[in-house]
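Structure first, then comments.
Remember, it's a predicted structure, so these values are computed and weren't measured experimentally. To find a chain, count down the sequence lines: A is the first, B the second, and so on, and within it residues start at 1.
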Amino acid sequence: QEMEDKVISPEKVEEAKLKARYPHLGQKPGGSDFLRKRLQKGQKYFDSGDYNMAKAKMKNKQLPAAAPDKTEVTGDHIPTPQDLPQRKPSLVASKLAG
Amino acid sequence: FSGAGGGNDIQWCFSQVKGAVDDDVAEADIISTVEFNHSGELLATGDKGGRVVIFQQEQENKTQSHSRGEYNVYSTFQSHEPEFDYLKSLEIEEKINKIRWLPQKNAAQFLLSTNDKTIKLWKISERDKRPEGYNLKEEDGRYRDPTTVTTLRVPVFRPMDLMVEASPRRIFANAHTYHINSISINSDYETYLSADDLRINLWHLEITDRSFNIVDIKPANMEELTEVITAAEFHPNSCNTFVYSSSKGTIRLCDMRASALCDRHSKLFEEPEDPSNRSFFSEIISSISDVKFSHSGRYMMTRDYLSVKIWDLNMENRPVETYQVHEYLRSKLCSLYENDCIFDKFECCWNGSDRQVSFFSLIVMTGSYNNFFRMFDRNTKRDITLEASRENNKPRTVLKPRKVCASGKRKKDEISVDSLDFNKKILHTAWHPKENIIAVATTNNLYIFQDKMN
């Protein structure tokens with residue numbers, strides 16, 4: 001049996017490490033899944049239609065609120081405008097100008 | 001020829017540092033873009049909080065012949081604010097992705113600033129006198145009772161303390177479904193392009209309600225998406241030519257005279273890859289994060305995760321030069337993927353283009369980790385690694401070159417790869433168009449370095 005001396009590139013070594021840790025990592029290397037996620041940046045799950053329908057159904061009852069420690073608003077919970085992280089413009093001047 | 005100056009012939013010294021000293025960095029203070037104007041007199045920064053800060057170079061002090069003018073705050077304003085698109089359930093960040101200056105045409109200065117969705121044209125003007133002596137108004141603005149006016153006078157302009165005002169003159173909105181990564185002003189100084197992940201639009205600076213789509217790479221079926229646009233720039237001299245780079249490491253050159261929609265490139269620049277070398281990381285690290293034409297327009301430079309490549313526009317099949325920025329990271333790609341650093345978008349820039357610095361685009365500058373930045377001299381093929389750190393801040397003391405030890409025994413003064421701080425990244429750098437002065441942005445500080453003058 002011949003033993004072949006193979007020089008494995010550092011990149012392939014790193015790839016093997018990654019595949020060992022995440023065996024189900026995408027068949028397409030770095031491909032469309034990751035690109036699609038990139039295009040979805042900023043997507044928050046507030047659907048005004050769902051929100052208004054849920055409000056109409058529940059009438060005067062409270063909508064189930066998200067747990068205060070939840071950062072992601074998904075699943076059965078119907079997000080309300082209050083659940084969205086409040087993004088206010090910066091009232092503070094840049095420290096570069098200080 | 002003398003004065004050509006290589007990256008190693010220039011002796012870089014600390015000049016100034018702007019920003020807070022504390023380690024606890026507020027997200028809003030993260031610097032997202034740095035750009036000198038065409039004369040180099042003004043230096044603009046944009047940050048994640050949507051704010052723009054403009055510094056102005058002081059007139060050279062004749063008595064202090066050893067230093068060029070310092071940069072001090074000239075103007076600061078809130079360019080963009082966070083928005084929420086309720087129709088698309090999309091949060092729109094106020095982070096300033098790019099600033100581009102217009103060449104100066106009159107007393108005022110103009111710049112374009114953009115976030116993910118909206119481009120704004122800002123006018124920055126000075127006011128150093130104000131009218132006084134109105135007949136119907138008091139000095140504080142209150143109206144006078146006309147019946148008390150017995151004589152007429154002519155209002156005159158009197159000097160006042162300099163006030164710098166920034167006002168938005170045009171807002172170019174609602175033209176981008178995806179996130180804007182680049183803006184580039186055309187050499188005709190009338191039009192500019194804006195590029196997002198899948199489309200490039202052409203605008204006229206005077207017209208905000210209309211823009212022309214000149215590139216559209218959106219597939220009919222989004223499941224088939226394999227490539228996105230990462231950067232775009234107009235040619236410095238040919239107003240019909242522009243390039244755009246992709247996440248697959250290709251650059252396409254387009255000629256707007258060929259057709260209205262430039263979906264078919266005129267040239268495709270791509271370095272062939274050895275298929276046996278291909279790995280999971282290949283495509284990710286080949287993604288181009290920045291593209292910059294040389295001053296002549298004969299060459300262009302691209303930055304991917306590990307290297308800078310110089311391309312001759314006349315040769316599409318491979319770059320003419322490749323410079324390794326931090327090759328030692330190739331054996332760390334697994335952890336860099338896990339901590340997302342592999343997706344960091346480094347920019348690159350050329351030396352200034354004035355005869356005093358160098359007539360040619362000879363030196364390349366780009367950032368790295370641990371607050372290191374790198375320069376490559378195309379002539380001598382030498383390179384240097386410098387550090388932006390408050391520990392080096394003695395003016396007129398030449399910065400000490402740094403060295404990273406990839407493996408094996410670490411020499412004194414070297415730093416090992418495992419000791420590098422990957423949170424300290426230099427993504428944005430800029431070179432003064434006419435002098436050997438550079439602006440280097442760390443996470444939340446702006447460093448200014450200049451050539452030691454003899």
* Asked: Are more than 12 heavy atoms from other residues, nucleotides or ligands located less than 6.0 Å from atom CD of B/E273?
  -> yes
* Structure fact -> When the 4.5 angstrom heavy-atom criterion is applied to B/I31 and chain A, the contacting part is side chain
* Quick one: what part of B/F77 sits under 4.5 Å from any heavy atom of chain A, side chain, backbone, both or neither? -> neither
* Asked: Counting distance only, does the side-chain N/O of A/E15 pair as donor-acceptor with the main-chain N or O of B/S279 below 3.5 Å?
  -> no
* Asked: How far does OG of B/S282 sit from NZ of A/K12, to the nearest 0.5 angstrom?
  -> 7.5 Å
* Asked: Which pair of non-hydrogen atoms, one from B/N444 and one from A/L96, has the smallest distance, and what is that distance?
  -> O-CD2, 3.8 Å
* chain A heavy atoms under 4.5 Å from B/I285: which part of the residue, side chain, backbone, both or neither? -> side chain
* Do you know which of B/K248, B/H179, B/K18, B/E227 has the most heavy-atom pairs under 4.5 Å to chain A? -> B/H179
* Starting at CD of A/Q40, measure out to OH of B/Y178 and round the result to the nearest 0.5 Å. => 9.5 Å
* Student check: side-chain heavy atoms of A/R38 and B/D197 closer than 4.5 Å -> yes
* Structure fact -> Turns out that what part of B/F343 lies under 4.5 Å from chain A's heavy atoms comes down to side chain
* To do: Compare every heavy atom of B/A26 with every heavy atom of A/K95, then report the nearest pair and how far apart it is.
  => NZ-CB, 4.5 Å
* Structure fact -> The interface call for B/S276 against chain A, heavy-atom contacts under 4.5 Å, is backbone
* Would you check if A/E11 and B/L333 make a side-chain contact, meaning some heavy-atom pair closer than 4.5 Å? => yes
* List for me each residue that meets side chain to side chain donor-acceptor pair (under 3.5 Å) alongside B/Y328, sequence neighbours excluded, and say none if there are none. => none
* Structure fact -> Of the listed B/L446, B/N277, B/N445, the one with the largest count of heavy-atom pairs under 4.5 Å with chain A is B/N277
* Asked: Which atoms of B/D85 come close to chain A, meaning under 4.5 Å heavy atom to heavy atom: side chain ones, backbone ones, both, or neither?
  -> neither
* Using non-hydrogen atoms and a 4.5 Å limit, figure out which bit of B/S75 sits close to chain A: side chain, backbone, both or neither. => neither
* To do: Can you measure from CD (B/Q78) to OG (A/S94) and round to the nearest 0.5 angstrom?
  => 10.0 Å
* Asked: Under a 4.5 Å heavy-atom cutoff, which of B/D29, B/T76, B/N72 has the most pairs with chain A?
  -> B/D29
* Heavy-atom check, side chain of B/Y337 versus side chain of A/K17, under 4.5 Å -> no
* To do: Sort B/L198 into side chain, backbone, both or neither according to what part of it lies under 4.5 angstrom from a heavy atom of chain A.
  => side chain
* Identify the two heavy atoms, one from A/L39 and one from B/L225, that lie closest to each other, and give their separation to 0.1 Å. => CD1-CD2, 3.5 Å
